[in-house]
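For reference, the structure discussed in these notes is given below.
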Amino acid sequence: MGLRFGKVAAYAVLIFATLNLFQIRGEIPTTLDEPFDPVTVPLDKSFRGNAIDLPDSDPRVKRTVLGFHPEQISVSLSSTFDSVWISWITGEFQIGENVKPLNPKTVASVVHYGKLRFPMTHKANGESLVYSQLYPFEGLQNYTSGIIHHVRLMGLEPSTLYYYRCGDPSVQAMSDIYYFKTMPISSPKSYPGRIAVIGDLGLTYNSSSTIEHLKRNKPDLILLVGDVCYANLYLTNGTGSDCYSCSFSDTPIHETFQPRWDYWGRFMQPLISKVPIMMVQGNHELEEQAENKTFVSYSSRFAFPSKESGSSSKFYYSFNAGGIHFIVLGGYVAYNRSDDQYKWLEKDLANVDREVTPWLVATWHPPWYTTYKAHYRESECMKVAMEDLLYQYRVDIVFNGHVHAYERSNRVYNYSVDPCGPVYIAIGDGGNREKMAISHADDPDSCPEPSTTPDAIMGGFCAFNFTAGRASGKFCWDQQPDYSAYRESSFGHGILEVKNETHALWTWHRNQDMYNRIGDQIYVVRQPERCPVQSEVIEFWGAQNLQNVPSSVSSD
């Protein structure tokens, strides 16, 4: 075992040295060089991170405004460059056994904006709402939010800096002046400079390190691939745990402490009031409450370009960022071929003009390709239902979270290295209090029992033993799979820089490194001539493997 570890460690050192040499020479590895030999970076046991939640006494999460002045201000994109959403909250939340919701109509939703600080020549009005998290059990505390505002700004120019103030001028409750920059026009020649990708962020001291590193990279857009503040690791009285089911197994319902959402919004405001953030729902946003309602906080607090992109759900939508078409999918809403999400996806993909937006990037929370024991093959049913469609339309990159580690695949389809498949990147390593995933399914005696793998929210079972390749007849590989190019248990974030129609630079940064150090880096290269969009879906899986795919779950 010691000899094997030594070889792995030596190989990892060689990989890092090679990457550094590539950078010195300007020769960064590309997907044209795939498949790469699988690399596992040995766990650095001296680095454990500081995955302890920020307390409510931390000045970064405390309320600093009075009355109905805006707080928790954020910017998100609409489906095209000429429109963005501004969101904020006014008024204080309430928590206790008896709460009385605020009246959203008492405060207006207004944004003044323009290309100059003074005067701001444009004005937009929006909508407001209040949501409640209610528990029909004695002793549990209910919650009702402040007034949440969403205002859509339209008619914007591409790649342009805009200043704005939000609030209600009639009650002299306007914010300070903030700014944002619009996305470039959709064109094969124009792209945002840097897109930051984070997952499973939480609100810990380690999350703070992730965000500080991310800020140093000066992103133009942030993609958060699910699991936001982990309010559902708390009881309604504010008692928290790294493992809810372990510590609170006798609670009548899975409780949440909703003020953690407000803490997160305040903590993130200095960044996301200026840099647009796009959200993906994760399993920790489920938040069951009275009347079987779920995902209420998530779907209320953020604005989504669902209607603009032809979607009927806040769980799946699409948007353009320059020459990139992003598709956000819902891992916890029905995805079968007879369901609305699949039909919407099929239509959205068919309408993508690769002459205008050459790059196609998809994201959802639970990964299809992960070699870690945690959540291994958990989302197999979603993979069975949708993988062929994404492969048909030549999706270039897929981002996932859920597994608290970093892993990058070779281009892959149906568990086999394929030059026309997407590159899958799991980046659920933002720094939440559940800590890092460490064990791999291919480690000795670590392959999970198949019956334990179906996703608890969606149900269904589609993960059978493999029928071909090195793992034929088995549920797990006995070594790191060929499709897995690089994996490491460390907290961090990633930066995507699309350079032109064919080359995009992906860089992963670890929290424990200096800001200018690189953990993993590669050019993802498109080959449209070699991998043209196909005219019809490949019927690989067959109907027999779809019979147990769940057809519906609770939606928004």
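These numbers come from the heavy atoms of this one structure, side chains and all, not from hydrogens, waters or symmetry mates.
Note: W344 and F315 fail the aromatic proximity criterion, with ring centroids not under 6.0 Å apart. Centroid-to-centroid, the aromatic rings of Y342 and Y335 stay 6.0 Å apart or farther. The distance between the ring centers of F304 and Y298 falls below 6.0 angstrom.
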Take Y230 and Y244, measure what ring pair (Phe, Tyr, Trp, His ring centres under 6.0 Å) needs, and give me the verdict at the end. CA-CA 10 Å; Y230 290 80; Y244 184 98; over 10 Å; no

Take M278 and Y317, measure what side chain to side chain contact (heavy atoms under 4.5 Å, CB included) needs, and give me the verdict at the end. CA-CA 11 Å; M278 302 305 288; Y317 59 88; 3.8 Å; yes

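Looking only at atom types and distance, the side chain of N414 has no donor-acceptor partner in the side chain of Y391 under 3.5 Å away. At a cut-off of 3.5 Å, with distance as the only test, a side-chain donor of Q269 or Y178 sits close to an acceptor on the other residue. Judged by distance alone, the side chains of H284 and N432 never bring a donor and an acceptor atom under 3.5 Å apart. At a cut-off of 3.5 Å, with distance as the only test, no side-chain donor of T453 or Y376 sits close to an acceptor on the other residue.
Comment: D242 engages R433 in a salt bridge, judged by a side-chain N to carboxylate O separation of less than 4.0 angstrom. In summary, E501 and R526 do not engage in a salt bridge, as defined by a charged side-chain N under 4.0 Å from a carboxylate O.
With W261 as reference, E287 is the one residue of Q133, E285, E287 to meet the side-chain hydrogen bond (donor to acceptor under 3.5 Å, both in side chains) rule. Each of R408, E407, K383, R377 was checked for a side-chain contact (heavy atoms from CB on, under 4.5 Å) with Y369, and the lone residue meeting it is K383. When V107, I86, I89 are each tested for a side-chain contact (heavy atoms from CB on, under 4.5 Å) with H149, only one passes: V107.
For R411, there are no salt bridge (charged side-chain N to carboxylate O under 4.0 Å, His left out) partners, not counting sequence neighbours. For R394, there are no salt bridge (charged side-chain N to carboxylate O under 4.0 Å, His left out) partners, not counting sequence neighbours. E127 is linked by a salt bridge (charged side-chain N to carboxylate O under 4.0 Å, His left out) to nothing, counting only residues two or more places apart in sequence or in another chain.
I397 is listed as a side-chain neighbour of L496, based on a closest heavy-atom distance under 4.5 Å.
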